[in-house]
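All residue numbers in this chain count up from 1 along the given sequence. Basis for what follows: all heavy atoms, side chains included, without hydrogens, waters or symmetry-related copies.
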Amino acid sequence: MENKEEFRDSIATADDRGKRLWVFPKKPSGRFYEYRKYVSYVLLILLFAAPFVKINGNQFMMFNILERRFNIFGFPFWPQDFHIFVIMMVIGVVFIILFTVAFGRIFCGWFCPQTIFMEMVFRRIEYWIEGDRGKQMRLEKQKWDAEKIRKRSLKWFLFFVISFLIANVFLAYLIGSDRLIQYVTDGPLNHLSTFISLLIFTAVFYFVFAWFREQVCVIACPYGRLQGVLLDNKSIVVAYDHKRGEKEKGRAKFKKNESRVETGKGDCIDCFQCVQVCPTGIDIRNGTQLECINCTACIDACDSMMEAVDLPKGLIRYASEENIEKKAKFKFTPRLKGYSIVLGILTAVLVGMLFIRSEVEARILRLPGQLYERKADNIVSNVFTYKLVNKTTADFEDIEFRLLSHKGEIKPVKTSNITVPGQELTEGTLFIEIHTAVLEDEKEKLKIGVYSGGRLIETTSTMFMGPRSFN
Ligand code: SF4
Ligand code: SF4
């Protein structure tokens, strides 16, 4: 008797001895594939344009890890904004969890850069050069004759060029597009270490898209691993309607003029089109599997077969297990409600933080190891260092510090035109002098306003030390 659970013992992309089984997926075609193509065009344009578009002089997207400078949707973030960055990351994770609980691995099939590049760029080049599944399999077995050498070298060359292009864009996200363009203009030899990094990135992308491919989704991606804990029988995933496909007698080959209702055979005609088209090499009829990236290729393949044999489409479709078993409609479950509330609260916190975020961040700290100095006329003086971070692209000039909480004087060491250029940091030293009559305690919290051209741009606080007794 056939063991229906046998598929659980191995993965579709490795043989009994663990050797890689190359997947030759059939070229998908159909309604969903067309939609996915349009989505991928939009995403590819966004992905390539994001580091080169600027808003108010700020790169739209930048993740400069080395210099710890990040731009998200044109908003610059400094290490001082790390809390906002963390909240954004948490929102991203909760959003993905919420989305996954409700709609399964939809992100992987429609939005993940790995799938977009693999299925919509590299795979389509492969189909263009080597042909569809059958031709690719023949070419693979073929000896290294002129045709194979020509096709393979053209394919590998184009793969390398695209990997190099992706690596450049990746670098533009990391170091900024202005610097990348500058380096290109200067010539690679003048920036050898960056050029070597670029070649390493190219090699990694080439390895992933030319060889590693679906293994990223099957064994490497941490998000893929999470499916087991996030999905439940109410999650909507790409699913095979086993009730309809198997019925009492199970799936069976199509026979002309035979009524499947009368024979009790399932609607699945066992044509294997859904398996042949699958980029991860699985059989969706075995149920939801970790390898499935919800790419919808099997939906399109099965729909076209159903159309050909005059049976209703949707044998493979977006559906939950509960929908297939009990014909239950999508429900907003308590789990989804919980995640939505958390997401709502986090988003509100983020909006609030962005709203109160200042253009300039000021930090004034007492010079370590210094106590205070008692000057003539009962004046107490403390020495401080200040750090001003300009988060905008405009310069702030004529910086002044004013004591807001106490009567006293602030005397910067640099007296004329303190400036903080756009996206830069300015540091310096200043003295604060306060009359002992104003001081109530030996340690007092001072509130200080930072002004540029007479306009208040930031307020900050610091501690001031005085003598224990003021008499
Ligand atoms: S089973 Fe279907 S949806 Fe899942 S990866 Fe394979 S073709 Fe794509
Ligand atoms: S494509 Fe549809 S009919 Fe063909 S084997 Fe798959 S599920 Fe059955």
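- Taking a cutoff of 4.0 Å between a charged side-chain nitrogen and a carboxylate oxygen, Glu126 and Lys155 qualify as a salt bridge.
- Counting non-hydrogen atoms of neighbouring residues, nucleotides and ligands closer than 6.0 angstrom, the CZ atom of Phe73 reaches no more than 12 such neighbours.
- Here Glu258 pairs with Lys265 in a salt bridge; the nearest charged N to carboxylate O distance falls below 4.0 Å.
- Ring to ring, Phe70 and Phe85 are close: their centroids are under 6.0 angstrom apart.
- In terms of the salt bridge (Lys or Arg N to Asp or Glu O under 4.0 Å) criterion, residue partners of Lys247 (sequence neighbours excluded) are, by chain and number, Asp267.
- At distances below 3.5 Å, not a single donor-acceptor pair connects side-chain atoms of Asn71 with backbone N or O atoms of Gly74.
- The distance between the ring centers of Phe170 and Phe205 falls below 6.0 angstrom.
- Thr13 pairs in a side-chain hydrogen bond (donor to acceptor under 3.5 Å, both in side chains) with only one of the listed residues (Glu214, Gln215, Glu291), which is Gln215.
- A salt bridge is defined here as a Lys NZ or Arg NE, NH1 or NH2 lying under 4.0 Å from an Asp or Glu carboxylate O, and Asp178 with Lys54 meets this definition.
- A salt bridge does not link Lys37 to Glu119: none of the charged side-chain nitrogens sits closer than 4.0 Å to a carboxylate oxygen.
- Here the CD atom belonging to Gln227 is positioned 9.0 Å from the OG atom belonging to Ser235, to the nearest 0.5 angstrom.
- Within the cation-pi definition used here (under 6.0 Å to the ring centroid, within 45° of the axis), Arg20 qualifies as a partner of Trp211.
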(request) For Gln289 and Asn286, run side-chain hydrogen bond (donor to acceptor under 3.5 Å, both in side chains): C-alpha distance rounded to whole Å, both residues' side-chain angles, the deciding distance at 0.1 Å, then the answer. (result) CA-CA 8 Å; Gln289 292 149 75; Asn286 290 329; 4.7 Å; no
Check: residues 306-316 side-chain donor-acceptor pairs under 3.5 Å, at least two apart:
none

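- Checking Lys151, Arg150, Lys143 one by one against Glu147, the salt bridge (Lys or Arg N to Asp or Glu O under 4.0 Å) holds for a single residue, Lys151.
- Every pair passing salt bridge (Lys or Arg N to Asp or Glu O under 4.0 Å) that includes a residue from residues 335-351 is listed here, sequence neighbours excluded: Asp232-Arg335.
- Taking the charged nitrogens against the carboxylate oxygens, Glu359 and Lys391 have no contact shorter than 4.0 Å, which rules out a salt bridge.
- Test Arg152, Lys135, Lys148 against Glu130 for side-chain hydrogen bond (donor to acceptor under 3.5 Å, both in side chains) and you get one pass: Arg152.
- Between the side chain of Ser452 and the main chain of Phe396, no donor-acceptor pair closer than 3.5 Å is present.
- With respect to Arg31 and Asp300, no salt bridge is recorded, no charged nitrogen being found less than 4.0 Å from a carboxylate O.
- Taking the six-membered ring where the residue is Trp, Phe32 and Tyr35 present perpendicular rings, their angle passing 60° and hence far from 30°.
- Taking the ring centre of Phe272 as origin, the terminal cationic atom of Arg285 falls inside the region bounded by 6.0 Å and 45° from the ring axis.
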